[in-house]
Amino acid sequence: MKILVAVKQVAALDEDFEIREDGRDVNEDFLIRDLNEWDDFSLEEAVKIKEGSTQPVEVVAVTIAPESADEALRKCLAKGADRALRVWDEEAQDSDPIAIARILAAVAKAESADMVFAGVQSSDHAFASTGIATAAFLGWPHAAVVSSLSYAPGAGSAVFRRELEGGLLHEVEIQCPAVLTIQLGINTPRYASLRSIKQAAAKPIEVKSLAELSLAASDVGSAGSHSRVRRMYIPEKGRAQLIEGDAAQQAKRLAEIIREFKGDAP
Amino acid sequence: MSRTDAVTRILFEAFPTAEVRLFYAVGYTAIAVFLYGVYVQVRKYRRGAALKLEGSIWSRLGDMTAKVLDQRTVARRDAAAGGAHRLIFYGFGLLFLGTATITLQYDILEPLFGIRFWQGKFYLIFSLVLDIAGVAMLLGLLYMMYRRGWLKPPKLDYARPDRAPGDADFERPQYRREDWAFLWTLVVIGFTGYLLEAARLVWLEARPDVWDTRWWSPVGALIAAALKAAGLEPHGGGVLRLSLWWFHGLLALLFIALIPFTKVKHIFTSMASLLVADPRAAQRLPRVPENQETPGVSKITDFNWKQLLNLDACTKCGRCHEACPARATGAPLSPRDVILSLREFANATLESGTVPAAAELDVHGKSPGQIAQETLWSCRTCMACVEICPVAVEHVPIIVQMRRKLVEDGAMDPLLTKTLQTIHKTGNSFGESKRKRGAWSKSLPFKIKDARKEPVEVLWFVGDYASFDPRNQKVTQTFAALLHQAGVDFGILYDGESNAGNDVRRVGEEGLYEVLAGANIAALEGASFKTIVTTDPHSYNTIRNEYPDFGGKYQIQHYTTFLKQLFADGRLEVEQPLKRRATFHDPCHLGRFNKGYEAPRELLKLLGCELVEMGRCRDNSFCCGAGGGRIWIPDPVGTEKPAQNRIREAAAIPGLEIYVVSCPKDLTMFEDALKTTGNEGKFVVKELIELIREAVPAPRTEAPLA
Amino acid sequence: MSGVLVIAEQRRGELRPVSLELVSAAQSLRRDGDSVAVAVLSAAPASLTAPLKVAGVDELITVKVAAPEFDPDTFESAVGALIGARQPDVVLVAHSVDSFGYAAALAAKLGLGFATDVFKVQRQDGELVATRGGYGQKVNVEVDFPGRRTVLLAIRANVYKPPELPGAPQVVEFAAPGVTSRSSGRDFIELSSNDDVDMTQAEFILTIGRGIGEEAKVAQFKELADAIGATLGCSRPIADAGWLPKSRQVGQSGKTASACKLYIAMGVSGAIQHLAGMKHVATVVAVNTDAEASIFGVAKYGIVGDIFEIAEELRQCF
């Protein structure tokens, strides 16, 4: 039984970042990369299912990215994934979530995956789309924002709870195989010690090209995307009126604001 | 032959041959049992992992002999116990030597070579010395009984903080029974020895060479007089002598036979432990061996033979238990009980013919003999335990090596996990971008040299807290200004510097430590400088003692020695002496770890402060509680923190104005504790650098610093 | 056909207010002659139409579906059919947990232009341009949809104000095709706790975030909140760690501070999910050591300083 976990190496902005010359993205030098926080949880959920299962379960981590994402895949191997896959070709540059999903669906088919997990969203661009779009290309049942999951490997259905606005939970039963996007807090992701990451570095990362997945250039990149970035810019930040002084003075002013609000005498 | 020439004691006098043979049979049996016991113990140690000792065996031997002969380690922090133990040690030692001397002649030299020396003047002086030795030993033993039974010092309370009342191994009454049995046995052996001596005198009073020389055994003579006064006749004396002879002899032989099975073995194990001691055990932790499958210690056999020996050397003196800051504030950790638990575990598993299966050798857990996670995570790695242990038990490396396994399993507080991940990602524990590391220097009126780009004389390794914590940044800026004022050619590594790794290593994340050390060493190798100076004792410790194991050997000073030298060279001068009452808190990693007690005190004196020491100072300094990664682990709600305990100690100093620290973590912990203990306003916490700045104002030409 | 199609949201028999925000968003997209239609998918849609009779809505489409609550297959099928029948230029849904479950799949299947978490929509030279955030909301990104006949946009909640004036839209029915759903909803579960505070009713809230460091520090802020008369709230990390009950969490998956007028955030960085629950508050005061924290972007007053010191000093003022 195989669970495919789609992961993403996200980028955070470093100090004093700059927009690229073409105005459509940030200059790469200012990007700090790390495994997406949600993927810690979706990977852990898959590994937990594997460890709690009496039948063999294979957990495969996959990412659609260039070589720099190997670091994130190594972390997944260190945290219990059995194999790591990466798919990339130059044509896949500028893919939006739907184009990425097309590739992921091809991987799921090629791997004969029985379940696909993804994070609810990525911490950099927060599309919250890739996992569910993948389900459409697979034609599979799907659900988003899973905050607790009860699934026996190979079973025909699973029961989960989705975390709604306001903290409400909705319990749902879904047919499997299915694509589920996993929410933060569903479990406690294990710590991958540096040693285990180093040892994982010895394990191979399988790299596939688009051609191997029978995908054409028109399926990916800008051609396969359902949106296009025109411009990226730094917004004018709303400026809070800063209260100056030492702690005592600042607190005094804050106390005034509170009293004003309550209508008390200052 | 003159009478004094012939004077001696005839051994086995009036014994039928069968009885002599019987005695020897018992004697050999006792020795055989003793040897078997030794074999079992040695076999146990050999079941541990291998270890190569460093340094020359001769200097070790010399060091050990000196310590054993003057018993200096036993006298520390308990002069009375030290004195009493000296009496026991010298007394017992002399008595043992005495017996050995007799055996030497009687069983070896005389039958083989016809040599006799135990007679005449030698015999008489020998008798006197041994009588005095016996008294000394008995006095020591009686004091120890008084100490244990009446004084009842807290460190002899065997209740352990990592178990609850009701747990099987909570109080271990068997320890108390064994302690008292040991004391009583020796007392009885000693006392019956004198009785026996007296009985013989009465028995042989008709013989002038015995009776006339009796005052060479003064105690025996006194008792003989008393016995005679009570109506004992020579015949009765003979009977008494014979029965006491057997009683005393059998008891002594039983005692010897049982040495390897009881507390008495500390006679040997403590010496052996001192012999194999590593004086830098806590300052310089061992690396994970390349071929080791899982890092750290999971099974009892993962400990090396020296550590297993350490477990047996412990005499339950309780000094580590007393010194531990975690134990003192109610945490479930006593270094003593870690060692004793593991000892019980080792004895239970490694003393039989075959070693049990691996599953039964796991030392982590809550069953008797195992160590719980909470216990291991409570440790501050302040090395108070290692430093005070009279028999050189090395608790800290044992705890850290067990932590390595916990880290590998991810069994840590979530905040600690997050911090380790943050350090891995950004090279600092604050999660700030690397580029911001030198941001504190931007507000200075001068530019600090980038040691990555140009050669400097002094490379200043700043450290995490000093670089990123707002309160500590003020101290860092002040230090920079002082160096600038003194005309020192210095530079920093800016974002080439990462967390030095001292605490990461002590948390047990050895892999991350290697990454950090590697990165820092690469940065240092790429720079050109003569010496390193640091304001952070943790960085100081690891760069000085541990980086050489990773290929980075540098001359490094803590700022206190460096500034002291600047004053001595006249590059800094005190203009406004501070006439204030201050106390100095020795930071663990500078003081206890690296013996840096004097420089800060000399600086305070230079500044004109009146230094009043706290009770727990220098080697007994009480850790602020931040070490061992504890600054990244939340304290349980509602418990006293070590820093609070320490501030209360300082608050007891009448008229105290300043509590002086010289470590960034101390500054953070103690300023917090000052508030939470309600002592704010009574005295202030100041970094020594800030005090120096008060006494050595900035030159008028430069802009004043915030 | 063209025009704007809005898909309303309902849960447990009640229309979700974000549906009205979508109506306002639709107004900035309509061209002359465009109509704005709002579709209500429910087992009993007629009961949900009243609040939607507002200005700016030309048509109210009731779609009766078998599933009583949101279900991905049901929505994909019904909304897909609506799009097929009406051929709108733009379809607006809320960027919500429900739409997370189906919008991307629908866009993928039907080849729709697609963008999510959009907080500004406009037409530039006739082209539809949507603005969303990037790199953790630190930059803005303008996207367009070349060659896409229909564009599906998921609009961020609490950005557009609901229409104020009433309207009189035409109400029509739409027969959705039958669908066999592959998932079935069961119960709703409210996380109960002994703590009976209702953050949505509190007018004055003091919220603590990751900046407090450890559980032991919560007590100090509890005391402060009591002293100044505020309700103590928290951001997600505090609730996840169990330091305060989940009922105290303000944010997207926590409570919205709907009634709040004064909101003091201490040690809160201002992650977008938290802002979702409070940025509408009239007066927000942020206290944080990090001058660059996102929370300062929505605050009226800011204090860059140590939250413990400020808390101490503030406590003494009361």
Side-chain angles (χ1 to χ4, degrees), chain A residues 9-18 26-41 43-44 47-48 51 68 71-72 74-81 123-124 184-202 244-248 250-251, chain B residues 287-296 403-427 431-439 442 470-471 494-495 501 504-505 507-519 632 671 675 680 706:
Chain A
Q9 188 175 58
V10 296
L13 295 179
D14 201 356
E15 291 293 308
D16 312 321
F17 66 91
E18 287 164 13
V26 165
N27 185 334
E28 223 181 57
D29 294 339
F30 297 95
L31 297 178
I32 304 172
R33 301 190 189 277
D34 197 10
L35 182 64
N36 182 25
E37 193 183 354
W38 273 266
D39 297 341
D40 273 332
F41 291 89
L43 178 68
E44 177 68 26
V47 176
K48 263 177 66 183
E51 290 175 347
S68 54
E71 210 193 301
R74 293 243 152 71
K75 243 196 205 166
C76 295
L77 288 168
K79 290 187 186 220
S123 56
D124 52 6
L184 305 173
I186 189 175
N187 53 43
T188 310
R190 65 197 60 197
Y191 176 70
S193 75
L194 260 292
R195 193 171 174 279
S196 59
I197 294 178
K198 218 170 102 180
Q199 283 180 331
E244 303 288 352
D246 65 17
Q250 292 169 318
Chain B
R287 298 186 67 160
V288 176
E290 279 295 328
N291 50 4
Q292 196 173 358
E293 242 184 64
T294 4
R403 279 181 172 184
R404 285 178 182 169
K405 174 68 169 56
L406 294 181
V407 167
E408 191 65 16
D409 291 345
M412 305 175 265
D413 184 278
L415 262 165
L416 175 58
T417 308
K418 203 132 213 306
T419 308
L420 291 174
Q421 289 166 335
T422 302
I423 295 176
H424 182 211
K425 211 164 106 177
T426 60
E432 299 277 6
S433 156
K434 272 194 218 268
R435 286 172 215 253
K436 267 183 152 178
R437 201 165 183 108
K442 294 208 182 112
R471 174 67 183 95
Y494 286 94
D495 21 306
V504 168
R505 190 170 213 199
V507 157
E509 233 296 11
E510 188 71 3
L512 180 55
Y513 175 73
E514 291 183 11
V515 169
L516 292 168
W632 303 319
E671 279 200 339
K675 290 185 205 144
E680 208 171 7

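Chain letters run A, B, ... following the sequence lines, proteins first, then strands; residues in each count from 1.
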Flag the pair A:Asp16 and B:Arg435 as a salt bridge only when some basic side-chain nitrogen lies within less than 4.0 angstrom of an acidic carboxylate oxygen.
no
Contact leader toward chain A among B:Thr417, B:Thr426, B:Asp409, B:Val288, where contacts are heavy-atom pairs under 4.5 Å
B:Thr417
How many angstroms lie between NZ in A:Lys75 and CD in B:Gln421, if you round to the nearest 0.5 Å?
6.5 Å
Would the distance check show the side chain of B:Glu509 and the main-chain N or O of A:Ser193 forming a donor-acceptor pair, the cut-off being under 3.5 Å?
no
Let me know if B:Glu432 has heavy atoms under 4.5 Å from chain A in its side chain, its backbone, both or neither.
neither
Please examine the side chains of A:Arg195 and B:Glu408, heavy atoms only from C-beta on, and report whether any two atoms are closer than 4.5 Å.
yes
Does any backbone or side-chain atom of B:Val515 lie under 4.5 Å from a heavy atom of chain A? Answer side chain, backbone, both or neither.
side chain
Check whether B:Lys418 gets within reach of chain A through its side chain, its backbone, both or neither, counting any heavy atom under 4.5 Å.
neither
Crowded around A:Glu71 CD? As in, over 12 foreign heavy atoms under 6.0 Å?
no
Look up atom OG in B:Ser433 and atom CZ in A:Phe17, then write down how far apart they are to the nearest 0.5 Å.
12.5 Å
What's the spacing between A:Ile197 CD1 and B:His424 NE2 if we round to 0.5 Å?
5.5 Å
Which atoms form the tightest heavy-atom contact between B:Leu420 and A:Tyr191, and what is the distance?
CB-OH, 3.6 Å
Side-chain contact, heavy-atom cut-off 4.5 Å: A:Asp34 with B:Lys425?
yes
Please say whether more than 12 non-hydrogen atoms of neighbouring residues, nucleotides or ligands are located less than 6.0 Å from CD in A:Glu51.
yes
